[in-house]
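Reviewing the structure listed below.
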Amino acid sequence: MATHIEPGYARMTPQSEQDKAKLASGIKAVDHYLKPGMKVGLGSGTTSHWFVRALAQRVAQGFQVEGVPTSNATRELALELGVPLTDLGAMDQLDVTIDGADEIDHQGSMIKGGGACLLWEKIVAAASRKMVAVVDDKKVFERLGRFPLPIEVIPFGWQSTQRLLRELLADAGYDRDLKITTRMKNGERLLTDSGNWIFDCHLESIRDTHTLAPRFNAIPGVVENGLFVGIADEMIVGHADGSSDIVVF
Ligand code: 5RP
């Protein structure tokens with residue numbers, strides 16, 4: 001049964017062309033990947049929230065799944081819409097995780113963390129048999145890096161952590177003076193759901209995704225980085241006309 005979205009259901013009326021493309025991707029994820037009884041990782045960000053709304057509508061019609069949210073915001077949305085939740089301790093593995101991306105390349109490498117949820121997102125993806133990225137057609141690039149790369153860090157000793165981050169990036173051939181900004185919210189440093197900070201690294205163009213990704217987490221103080229390499233198995237690219245394409249990596 002194809003998911004049909006009732007206008008206005010759960011604030012389910014996309015306003016912009018990009019939102020329409022995000023919704024198309026979310027609906028396709030529900031229709032193509034979810035089977036009754038599945039345990040599903042629920043991503044974060046606007047695209048994932050369209051997916052959660054589409055899923056909630058199916059749940060309201062009797063479709064049975066259990067979700068594990070990747071952020072407090074997604075947990076709140078799922079609870080509000082009646083999507084049953086569980087946690088990673090209650091299972092061996094999730095069947096599938098559906099999550100968005102800030103950028104994705106043609107090999108499935110992603111920048112994530114625009115919503116500051118990258119740590120839980122990576123944990124949940126790693127606990128899943130399959131990870132499907134849901135994106136709109138403006139998120140697919142030949143090369144990653146125009147979106148600043150988020151790095152989640154412990155607040156303690158952040159100056160030292162940032163210095164080591166600069167040294168790592170300089171060693172990898174990036175400009176020693178490249179812009180690293182601390183993510184702010186309402187005039188204060190943003191706190192992630194785990195109480196950490198986010199450094200956004202303005203790399204502009206990432207040449208060495210595969211070799212760079214594993215290096216960040218070796219820095220004391222870095223909790224996780226927003227390069228997701230070898231994690232996405234498939235992606236759904238949504239378009240504003242309501243169509244979508246599936247790409248298998
Ligand atoms: C949150 C994420 C999101 O998946 C990413 O930011 C994409 O968000 P959106 O769907 O709103 O464009 O990684 O940490």
Side-chain angles (χ1 to χ4, degrees), residues 11-12 14-30 40-55 67-78 96-105 108-126 128 131-141 144-153 181-185 190-203 206 209 213 216 222-229 231-240 244:
R11 302 190 302 276
M12 194 127 195
Q15 300 300 323
S16 66
E17 294 297 288
Q18 194 174 17
D19 260 0
K20 287 178 192 162
K22 290 178 176 188
L23 173 59
S25 186
I27 289 175
K28 178 71 129 206
V30 173
V40 183
L42 308 176
S44 296
T46 53
T47 317
S48 297
H49 284 192
W50 286 116
F51 159 72
V52 171
R53 293 188 186 105
L55 174 59
V68 172
T70 54
S71 61
N72 287 332
T74 297
R75 173 183 291 115
E76 280 163 26
L77 181 68
V96 63
T97 283
I98 310 288
D99 198 357
D102 298 297
E103 289 184 352
I104 186 162
D105 69 17
S109 297
M110 299 181 279
I111 290 181
K112 286 184 53 55
C117 314
L118 62 121
L119 175 58
W120 294 15
E121 289 172 335
K122 211 177 256 191
I123 291 171
V124 171
S128 307
M131 193 272 164
V132 179
V134 279
V135 296
D136 61 83
D137 46 18
K138 293 194 166 35
K139 299 276 190 67
V140 185
F141 295 91
L144 304 180
R146 279 174 59 196
F147 193 93
L149 176 67
I151 310 275
E152 183 158 347
V153 301
T181 47
T182 306
R183 186 91 57 94
M184 306 294 283
K185 188 176 180 187
L190 175 146
L191 285 183
T192 69
D193 285 342
S194 296
N196 299 316
W197 293 357
I198 300 277
F199 291 156
D200 288 308
C201 300
H202 299 248
L203 300 177
I206 303 177
T209 314
F216 293 112
V222 169
V223 181
E224 194 48 84
N225 72 86
L227 270 181
F228 284 47
V229 177
I231 291 177
D233 297 294
E234 301 182 23
M235 75 170 161
I236 307 172
V237 184
H239 308 285
S244 56

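Ligands are counted one by one from 1 in listed order, and the atoms in each one are counted from 1 as well.
Residue contact check for ligand 1: Ser44 places a non-hydrogen atom closer than 4.0 Å to it.
Here is the list of ligand 1 atoms found below 4.0 Å of a heavy atom in Lys139: 9 (P), 10 (O), 12 (O). Each of the following atoms of ligand 1 lies closer than 4.0 Å to a heavy atom of Ala116: 14 (O). Atoms of ligand 1 lying under 4.0 Å from at least one heavy atom of Thr46, given by number and element, are 9 (P), 10 (O), 11 (O), 12 (O). With ligand atoms numbered from 1 in the order given, ligand 1 contributes 4 (O) to contacts under 4.0 Å with heavy atoms of Asp99. Taking a cut-off of under 4.0 Å to the non-hydrogen atoms of Gly113, the atoms of ligand 1 that pass are 2 (C), 13 (O), 14 (O). Near Gly100, with a cut-off below 4.0 Å to any heavy atom, the atoms of ligand 1 are 4 (O).
Ser25 and Ser244 form no side-chain donor-acceptor contact under 3.5 Å, judged by distance and modelled atom types alone.
Checking side-chain atoms of Lys122 against main-chain N and O of Asn225 turns up a donor-acceptor pair under 3.5 Å. Of the possible donor and acceptor atoms, none in the side chain of Thr192 sits under 3.5 Å from a partner among the backbone N and O of Ala116. With Asp233 contributing its side chain and Met131 its backbone, the two residues share a donor-acceptor pair below 3.5 Å. The main-chain N or O of Val229 is never found under 3.5 Å from a side-chain atom of Ser109 such that the two would form a donor-acceptor pair. The closest donor-acceptor contact from the side chain of Asp136 to the backbone of Gln18 lies at 3.5 Å or more, if one exists at all. No donor-acceptor pair under 3.5 Å is formed between the side chain of Lys22 and the backbone N or O of Gly238.
Within the 4.0 Å heavy-atom criterion, neither part of Val135 lies near ligand 1. Only backbone heavy atoms of Ala101 (N, CA, C or O) come within less than 4.0 Å of ligand 1; its side chain stays farther off. With a heavy-atom cut-off of 4.0 Å, Pro150 does not touch ligand 1 at all.
If you check which protein heavy atom lies closest to atom 6 (O) of ligand 1, you get Asp102 OD1, 2.6 Å. Looking only at protein heavy atoms, the nearest one to atom 10 (O) of ligand 1 is Thr47 OG1, 2.5 Å. The protein atom (non-hydrogen) at minimum distance from atom 1 (C) of ligand 1 is Glu121 OE2, 3.1 Å.
Residue Gly45 has no N or O atom closer than 3.5 Å to an N or O atom of ligand 1. Considering backbone and side-chain N/O atoms, Ser48 never comes within less than 3.5 Å of an N/O atom of ligand 1.
The heavy-atom pair separating Thr97 from Ser128 by the smallest distance is OG1-OG, 2.6 Å. When all heavy atoms of Phe147 and Gly114 are compared, the closest pair comes out as CZ-CA, 3.8 Å.
Between atom CG of residue Leu149 and atom CG of residue Asp200 there is a gap of 8.0 Å, rounded to the nearest 0.5 Å.
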